Every structure is written in C-alpha cells, then in structure tokens.
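Throughout, residue positions are numbered sequentially from 1 according to the sequence presented. All values reported here derive from a predicted model rather than from experimental measurement. Just follow the structure's listing: the first ligand is 1, and inside any ligand the first atom is 1.
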Amino acid sequence: MERPQAARVSSTAIRDLRIEERIAPATEALDCGPNPTFGRHFTPAMLALEWREGEGWAQGRMEKKGPLPIDPSCIALNYGQSIFEGLKAYRQPDGGVAVFRIRDHALRFERSARRVALPEFPPDAFVEMVTRFVQHQARAIPEGPEIALYLRPLLMGTEPGLGIRAAKEAMFLVMGAIVGPYFGRGKTSVKVRVSEEFVRAAPGGTGSAKVAGNYASGLLALRQAWDEGLDQVMYLDAVHRRFVEEMEGMNVFVVHNGTLRTPPLTDTILPGVTRQSLIALAKAREIPVREEPIAWDEVAAGLRAGQVTEIFAAGTAAVVAPIGEIRRGNDVWVLPDKRPVAELLRRELRAIQSGGAPDPHGWRTVV
Ligand SMILES: *Cc1c(COP(=O)(O)O)cnc(C)c1O
C-alpha cells in the first residue's frame with residue numbers, strides 16, 4: 001500500500017537552497033538610537049521562499065523588505081493559517097555573530113506548521129535560511145550590550161480563495177529587526193493582570209504552537225491591561241480557571257520557598273526555548289526546579305506569607321522580565337525589589353548568548 005507520508009515528505013523537501021540576491025549585503029550598522037522600540041527597526045532585507053503543493057519549494061529571494069504581492073482572498077489573511085518564530089542573533093566579542101538555539105526554534109517551527117496544516121518546513125532548511133539571512137544582514141547589527149538582531153521567520157498560506165481548507169500555496173519569510181531591552185531601557189520590572197475574563201489556550205487548541213491567531217485572541221486583554229497602566233496579562237487554565245499558565249508571549253516562573261516552579265508543558269503551554277534554557281541553568285546552579293501545575297491560590301497565599309519571593313516571565317524578546325506588581329480582581333500584590341534568582345539566571349543566560357561565557361550546552365551557532 002502507498003504510504004501517504006512519502007508524498008508529504010517529497011512535497012515539502014526543499015530541492016534547491018539557492019537564493020537569488022536582489023539586494024546587496026548590509027554594509028553598515030543600522031542607526032536606531034540608544035533605545036530602539038521593539039520590532040520597529042528593521043534591517044533592509046527580507047528572505048522569501050514560495051511553496052506549491054506538488055511542486056515543493058521554489059528558489060529563494062533575498063530582497064528589499066517591503067509589501068508582499070499576496071491576494072486579499074488568501075487563506076492566511078482570512079483564516080489565520082500563519083505561524084512564526086522569534087529568535088535572536090547576538091554580536092560576539094570577536095566581532096562575529098551567533099544565533100541562539102537556532103535548531104530548537106527550527107524544530108518548533110516545524111511542529112507549529114504541522115498543527116495548522118502548513119507544509120512542514122524542514123529544520124535543516126530553517127537553519128540554512130535563517131543563517132543565510134543573518135550572514136547577509138550581520139553588518140547592520142550595531143554595537144551595544146543589550147543590542148541584538150531579532151529574527152522573525154513566518155510561514156503562511158497564500159493560496160487565494162475563500163473556501164476553508166489548508167492552502168496549497170505558502171510563503172516562508174525571514175525578516176529581522178535591531179532590538180534593545182523589550183520593555184525599554186531602565187525598566188526593571190513589569191506589572192501584570194491575571195485575566196479572569198479571557199483564556200489564551202484550551203486543551204486540544206493551538207496554544208503550544210506559535211500560531212498567529214493565538215496572539216490576536218489576547219490583544220483585547222492586553223489593551224485593557226495597558227489602559228490600567230499595566231504591561232502584560234497572565235492567563236489561567238481554560239478548564240478550571242485555577243492554574244497559572246503563561247503570558248501572551250512569555251512563560252512564567254515562580255520562586256516559592258527557594259524552589260523555581262513553572263507550569264509543565266501541556267498542550268496549552270508554548271514550549272519556550274528561554275524556559276528550557278533557564279531550567280537548565282537553574283539545575284546547573286543546584287536551584288531546585290519543579291515543572292508542576294501551579295494554582296493561582298497557592299501563589300496568592302505564598303505572596304501573602306512571603307514565601308513567593310519572585311515571579312518572572314521568560315521569552316526570547318524580553319529574556320527575563322521580573323514581575324514587580326500583580327493584580328487579580330481588586331487584589332494587588334507588590335513583589336520585593338530583590339530578585340536574586342531572576343537576576344542570576346538572566347545574567348548567566350545573557351552571558352552565554354553574547355559570548356561572554358562558555359557554551360557548555362552548544363546553544364550558540366556562529367554564522
Ligand atoms: C514565543 C512564546 C514564548 C517564549 O518562547 P521563547 O522560545 O522562549 O521565545 C512563550 N509563550 C508564548 C505564548 C510564546 O508565543
């Protein structure tokens with residue numbers, strides 16, 4: 001019997017990794033001031049690659065970043081068949097550039113694509129495409145301790161037509177932006193609201209994939225939090241509305257009686273690369289780590305009793321974001337200014353990322 005898998009693999013294999021260069025490599029550092037707003041200071045190029053069912057991937061184009069020729073009826077725009085990744089490249093002390101945990105992002109991208117029936121983008125191709133983009137744009141990265149090239153690979157269904165189905169045409173893209181600290185320079189902690197009204201992800205849904213629609217569903221809650229003068233939203237589980245899950249784009253850690261706790265990876269939690277990295281660093285420092293369900297009531301009781309001493313969020317964009325204030329309903333908790341665990345883990349992770357410390361786990365890929 002014919003194995004359906006064979007057809008799928010051949011249709012997604014990238015036959016030809018050649019990239020046509022329509023824009024010259026970057027030659028100078030992008031001028032974006034001392035405090036670049038996150039995701040606004042794009043480097044000049046983008047890398048685009050098209051896929052068609054039955055034909056596979058066509059040759060790539062490195063071109064000037066700009067508007068895309070996509071049909072307004074396309075599936076990505078109408079039905080949200082679109083996924084993304086977020087990873088960073090850091091300038092190293094020797095002047096080179098290293099991408100942080102590129103293969104882990106590649107594997108997640110493949111899983112996200114599968115979840116929304118996009119063509120699975122082979123991890124080797126992801127690594128190759130992102131590497132080629134970084135090589136091309138590396139000279140655009142300015143000097144600076146908190147500066148990085150944030151990379152945004154995208155994959156979306158571009159087939160025109162309003163019928164609901166998996167697209168038979170897709171586009172892979174990579175763009176990059178020069179970024180500094182996510183919340184702006186000088187901001188040392190964030191304020192968070194625990195949402196009682198909304199949930200981010202439900203069992204069986206798309207919460208563990210980086211699917212564009214996940215973020216659309218959180219934008220109203222985020223705007224409401226901003227209107228209150230807060231920065232982020234923390235979500236509870238969809239079933240019991242009891243357990244802490246994560247923020248709209250960052251995983252959550254709680255330091256409880258000296259133990260570092262974070263929710264386990266279920267299908268409603270995005271498996272963060274930063275999360276995984278911090279767990280490894282904490283274990284190496286012999287900080288007890290537990291991946292286990294965390295009831296909000298336990299956190300609230302721990303905060304009252306002074307046993308919960310730190311709460312922080314973790315993700316590629318912000319790295320480690322300590323939470324200084326947290327609200328649920330009318331209750332407000334202010335956390336201590338001393339954050340030894342968050343500080344230690346952040347410092348160690350940043351040192352590995354920017355080449356200031358050895359890389360025992362092989363997390364850096366020098367391009
Ligand atoms: C991207 C993301 C994270 C963080 O993942 P990293 O790999 O650490 O950047 C956490 N939660 C959500 C919902 C995300 O989209």
Side-chain angles (χ1 to χ4, degrees), residues 38-39 80 82-90 99-113 115-116 123 126 130 148-155 176-177 179 181-183 190 192 195 198-203 205-219 221-222 225 231-238 243-254 262-282 291 294 311-321 323 342 345-346 348-350 352-353 361 363-365:
F38 185 87
S82 182
I83 62 153
F84 67 95
E85 262 307 320
L87 65 169
K88 278 178 174 171
Y90 294 88
V99 184
F100 187 69
R101 300 195 71 168
I102 188 168
R103 185 151 277 279
D104 297 282
H105 288 279
L107 291 167
R108 190 169 68 191
F109 194 69
E110 187 186 35
R111 285 197 304 272
S112 298
R115 179 63 185 83
V116 292
F126 180 100
V130 171
L149 174 61
Y150 181 82
L151 298 156
R152 171 50 57 88
L154 272 181
L155 180 60
V179 298
Y182 185 80
F183 293 102
V190 296
V192 167
S195 181
F198 304 112
V199 293
R200 192 193 78 88
T206 55
S208 64
K210 270 184 120 71
V211 172
N214 292 349
Y215 307 84
S217 76
L219 296 178
L222 187 60
D231 304 291
Q232 294 272 297
V233 178
M234 185 184 286
Y235 290 99
L236 300 177
D237 77 282
F243 295 98
V244 171
E245 296 230 303
E246 58 175 315
M247 323 284 253
E248 54 274 330
M250 285 186 272
N251 296 110
V252 171
F253 288 86
V254 175
T262 192
L265 295 181
T266 61
D267 73 344
T268 59
I269 302 281
L270 197 289
V273 174
T274 314
R275 173 189 180 280
Q276 204 185 32
S277 307
L278 296 181
I279 290 172
L281 293 174
E291 297 177 59
I294 302 173
I311 306 178
F312 56 89
T316 295
V319 188
V320 172
I323 293 171
L345 296 178
R346 195 195 96 86
E348 295 209 334
L349 183 57
R350 288 289 298 106
I352 295 176
Q353 289 169 333
H361 308 279
W363 288 341
R364 293 191 295 251
T365 299

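Some N or O of Thr316 is nearer than 3.5 Å to an N or O of ligand 1, by distance alone. Residue His105 has no N or O atom closer than 3.5 Å to an N or O atom of ligand 1. Some N or O of Glu246 is nearer than 3.5 Å to an N or O of ligand 1, by distance alone.
Annotation for His361 and Ala280: closest pair CE1-CB, 4.3 Å, computed over non-hydrogen atoms. Asn251 approaches Leu270 most closely through the heavy-atom pair ND2-O, 3.0 Å. For the pair Val319 and Leu349, the tightest heavy-atom approach, listed with the atom from each and the gap, is CG1-CD2, 3.7 Å.
Between Tyr150 and Phe38, the angle of the ring planes goes over 60°, which puts this pair in the perpendicular group of the 30/60° scheme.
Residue Ser195 holds its OG atom at 12.0 Å from CD of Glu245, rounded to the nearest 0.5 Å. Taking CZ of Phe126 as the reference point, atom CD of Glu110 lies at 11.0 Å (rounded to 0.5 Å).
Scanning the protein heavy atoms around atom 8 (O) of ligand 1, the nearest turns out to be Thr274 OG1, 2.6 Å. Counting only heavy atoms of the protein, atom 15 (O) of ligand 1 lies nearest to Tyr215 OH, 2.3 Å. For atom 14 (C) of ligand 1, the closest non-hydrogen atom on the protein side is Lys210 NZ, 3.0 Å. Of all protein heavy atoms, the one closest to atom 4 (C) of ligand 1 is Gly249 O, 3.7 Å.
Contact between Glu248 and ligand 1 is present, with at least one heavy atom of the residue lying under 4.0 Å from the ligand. Close to ligand 1: Arg108, with a non-hydrogen atom less than 4.0 angstrom away. Residue contacts with ligand 1 include Arg200, since one of its heavy atoms falls under 4.0 Å from the ligand.
Of all atoms in ligand 1, listed by their number and element, those nearer than 4.0 Å to a heavy atom of Gly315 are 4 (C), 8 (O), 9 (O). Taking a cut-off of under 4.0 Å to the non-hydrogen atoms of Gly272, the atoms of ligand 1 that pass are 5 (O), 6 (P), 7 (O), 8 (O). Every atom of ligand 1 is numbered from 1 in the order shown, and the set under 4.0 Å from a heavy atom of Met250 is 10 (C), 11 (N), 12 (C).
No donor-acceptor pair under 3.5 Å is formed between the side chain of Thr262 and the backbone N or O of Phe253.
Remark: among candidates Asn214, Leu270, Val273, the nearest residue to atom 7 (O) of ligand 1 is Val273, based on non-hydrogen atoms.
In the model, Gln353 has a side-chain atom that pairs as donor or acceptor with a side-chain atom of Tyr90 under 3.5 Å.
Each of Arg152, Arg108, Lys210 was evaluated against Glu85; a single residue qualifies, Arg108, per the salt bridge (charged side-chain N to carboxylate O under 4.0 Å, His left out) test.
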